[in-house]
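Since the structure comes first, as C-alpha cells, the remarks are kept for the end.
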Amino acid sequence: MARDSLTLRRPDDWHLHLRDGAMMKAVLPFTARVFGRAIVMPNLVPPVTGVSAAEAYRKRILKALPKGAKFTPLMTAYLTDATAPDEIERGFKAGVFTAAKLYPANATTNSARGVTDIVRIDKVLERMACIGMPLLVHGEVTDPAVDVFDREAVFIERILAPLTRRLPKLKIVFEHATTRDAIDFVRAQGPNVAATITPHHLVISRNALFQGGLRPHMYCLPVAKREAHRLALRRAATSGETKFFLGTDSAPHPIADKEKDCGCAGIFCAPSALETYARVFDEENALDKLEAFASLNGPRFYGLPPNEARVTLRRETWKVPAKIKAGSAAVKPFLAGEEMGWKLTA
Ligand code: DOR
Ligand code: ZN
C-alpha cells in the first residue's frame, strides 16, 4: 500500500544561492522553513573571496532570518586567479569557510571573476587537499568551440579527471550534475568525490526549454540535457549511494531579468524543492531512500553530524505560488502554479 506520510531527519541544502538585500529577505524563508543548513554560494557582486567578506555575509543572512527560524548558513569562498592559499586555510580553520567554489571564468551567472585557468590555483588546491577542505566545482568548460550541451562532459575530460589524478586526496563535490557522464565519473572515484543533484534536473530534460515556445524559467546552467541523462540522474539520486546528495541550486532572478533578450540563468526552486524530490522518489518507488539523499549523505561527506530534528511530509495537495515578491521585483518559482502531491507539515 502506498504510504501517505514520511518522517525524516531534517534535510540540508548543499548548494544554494541566497543573494543579498531584499532578494535574500524574500527567498530565505523558503529555505529556512525546510533545511537545517545550507552551503551558501559566494557569487555575489562583488564575489565573496575573503574571510571578512564571508563573515559579514553570514551576519546579513542570520539577520534576515524569520523570527524563530533555526538555520545555519555554511559559507564558501569564491576562488579567483588571485586567491591566496593562506586566506583559504585561515577561513577554513576558523570555521568561516566550509568549502571553496571553483567557477571557471564566465561559465555562469556572476562568474566573471572566476578562475581563467585551473593551473592558476594549483597552490590553493594543493593546500585544500592537505587540510581536507572540499572543492565545489561548477563543472563546465567555457571554450566557445564546445557545444553548450557538451560542456559538462568535456570539463570532466579536460579538467576534472586530470585534477583527481594529480590530487587524489582532494575532496570534490561535482555540483548540480546534469549528465550520465558526471554520474559515471563520480561513481568511479573514491569516497572523496561526490555530487549534488537539483530537483529540477530530476524533473526536466532540455525539451522543457522549448515546450510550445521559449521557456526562460526553465533555463539554468548547466542547462538541462537529454532525457537519457535525466534518467541517469534519477537512478543515482534514488539509489541511496552515499556519493549523491541534495543540492537545490535554487537561484532566484527577478522575472524581468529572466524574460528578456539575454535572460539570466537560474531556476528558483526553493519553494517546492523538498516536495519535488519527494515526488521523484515516490515515482521511482524509492521513498525509503529519500532520507539518505536529503539528510544523511551530505553531512557524512562534509564530516558533520546529521540534524537531530525531524520533518514530516504528508501526501496532500497544494499549489506552488505563481510568483513571489522581492522588494520591488518578483520571482517566478520552479513549477509555479502547479499542484504538488507531497506537503511538508508545519
Ligand atoms: O543557473 C545558474 N544560476 N547556474 C549557476 O551556476 C549560477 C546560478 C546563479 O547564480 O544564478
Ligand atoms: Zn549554483
Side-chain angles (χ1 to χ4, degrees), residues 12-21 23-24 26-28 30-31 35 38-49 57 61 73-79 98-115 134-142 148-149 151-152 155 159 172-179 182 194-204 206 208-209 215-225 245-260 262-270 273 298 324 326 329 331-334:
D12 303 297
D13 184 350
W14 300 98
H15 184 128
L16 174 69
H17 299 268
L18 282 177
R19 316 300 190 205
D20 217 336
M23 181 61 90
M24 174 163 74
V27 302
L28 180 56
F30 293 98
T31 290
F35 299 102
I39 286 275
V40 180
M41 287 297 130
N43 63 333
L44 303 181
V45 186
V48 180
T49 54
Y57 186 30
I61 296 168
L74 302 173
M75 311 311 290
T76 57
Y78 180 115
L79 298 175
T98 297
K101 177 76 190 258
L102 166 62
Y103 286 108
N106 302 314
T108 186
T109 306
N110 300 343
S111 64
R113 302 232 349 243
V115 175
L135 174 73
L136 316 182
V137 300
H138 183 106
E140 288 191 288
V141 293
T142 55
V148 69
F149 293 101
R151 287 182 182 178
E152 185 168 292
F155 180 88
I159 312 288
I172 299 174
V173 184
F174 196 104
E175 299 290 353
H176 41 54
T178 66
T179 57
T196 55
I197 303 176
T198 76
H200 37 284
H201 288 111
L202 293 172
V203 173
I204 62 168
R206 63 189 193 178
L209 281 138
R215 301 286 190 166
H217 296 283
M218 296 299 189
Y219 175 54
C220 66
L221 287 169
V223 71
K225 307 296 192 296
F245 46 85
L246 186 158
T248 65
D249 197 17
S250 183
H253 291 276
I255 291 172
D257 289 343
K258 296 279 297 170
E259 298 176 2
K260 69 173 185 191
C262 206
C264 292
I267 293 180
F268 174 49
C269 62
I324 278 140
V331 192
K332 188 170 169 182
F334 182 56

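No hydrogens, no waters, no symmetry mates; every other heavy atom, side chains included, goes into these values. Ligands are counted one by one from 1 in listed order, and the atoms in each one are counted from 1 as well.
A distance-only check finds no donor-acceptor pair linking the side chain of Lys258 to the backbone of Ala256 [under 3.5 Å]. No donor-acceptor pair under 3.5 Å is formed between the side chain of Asn43 and the backbone N or O of Asn110.
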Derivation of the side chain to side chain contact (heavy atoms under 4.5 Å, CB included) call for Cys220 and His200: CA-CA 10 Å; Cys220 66; His200 37 284; 3.9 Å; yes
Go through the steps for His15 and His176 under the test side chain to side chain contact (heavy atoms under 4.5 Å, CB included), then give the verdict. CA-CA 8 Å; His15 184 128; His176 41 54; 3.4 Å; yes
Would you sort out whether Thr76 and Ile39 count as a side chain to side chain contact (heavy atoms under 4.5 Å, CB included), showing the intermediate values? CA-CA 7 Å; Thr76 57; Ile39 286 275; 3.6 Å; yes
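Contact between Asn43 and ligand 1 is present, with at least one heavy atom of the residue lying under 4.0 Å from the ligand. Contact annotation: His253 has at least one heavy atom less than 4.0 Å from an atom of ligand 1. The shell of residues lying under 4.0 angstrom from ligand 1, judged by heavy atoms, excludes Lys101.
Counting heavy atoms from C-beta on, the side chains of Met23 and Val331 come closer than 4.5 Å. Counting only heavy atoms from C-beta outward, the side chains of Trp14 and Leu74 approach each other to under 4.5 Å. Residues His217 and Ile267 are not in side-chain contact: their nearest non-hydrogen atoms beyond the backbone lie 4.5 Å or more apart. Between His17 and Thr109 the shortest side-chain heavy-atom distance does not fall below 4.5 Å. Under the 4.5 Å side-chain criterion, counting only non-hydrogen atoms from C-beta, Leu79 is in contact with Leu135.
Between Tyr219 and ligand 1, a contact under 3.5 Å exists for no N or O pair.
Interface atoms of ligand 1 facing His138, defined by a heavy-atom separation under 4.0 Å, are 6 (O). Less than 4.0 angstrom separates some heavy atom of Thr108 from each of these atoms of ligand 1: 2 (C), 4 (N), 5 (C), 6 (O), 7 (C). Counting atoms of ligand 1 from 1 in the listed order, those under 4.0 Å from a heavy atom of Ala251 are 3 (N), 8 (C), 9 (C), 11 (O). Listed by number with element, the atoms of ligand 1 under 4.0 angstrom from any heavy atom of Gly266 are 1 (O), 2 (C), 3 (N). The Cys220 neighbourhood of ligand 1 comprises atoms 1 (O), with distances under 4.0 Å to a heavy atom of that residue.
Remark: minimum distance from atom 4 (N) of ligand 1 to any protein heavy atom is reached at Leu221 O, 2.7 Å. When only non-hydrogen protein atoms are considered, atom 3 (N) of ligand 1 lies nearest to Ala265 O, 3.0 Å.
Each of Glu140, Glu152, Arg151 was checked for a side-chain hydrogen bond (donor to acceptor under 3.5 Å, both in side chains) with Thr178, and the lone residue meeting it is Glu152.
Contact annotation for Ile267 and ligand 1: no heavy atom of the residue comes within less than 4.0 Å of the ligand. With a 4.0 Å cut-off on non-hydrogen atoms, Glu175 does not touch ligand 1 at all.
Protein N/O/S atoms found under 2.8 Å from the Zn ion (ligand 2): His15 NE2, His17 NE2, Asp249 OD1.
Scanning for ring pair (Phe, Tyr, Trp, His ring centres under 6.0 Å) contacts around Tyr103 gives Tyr78, with sequence neighbours left out.
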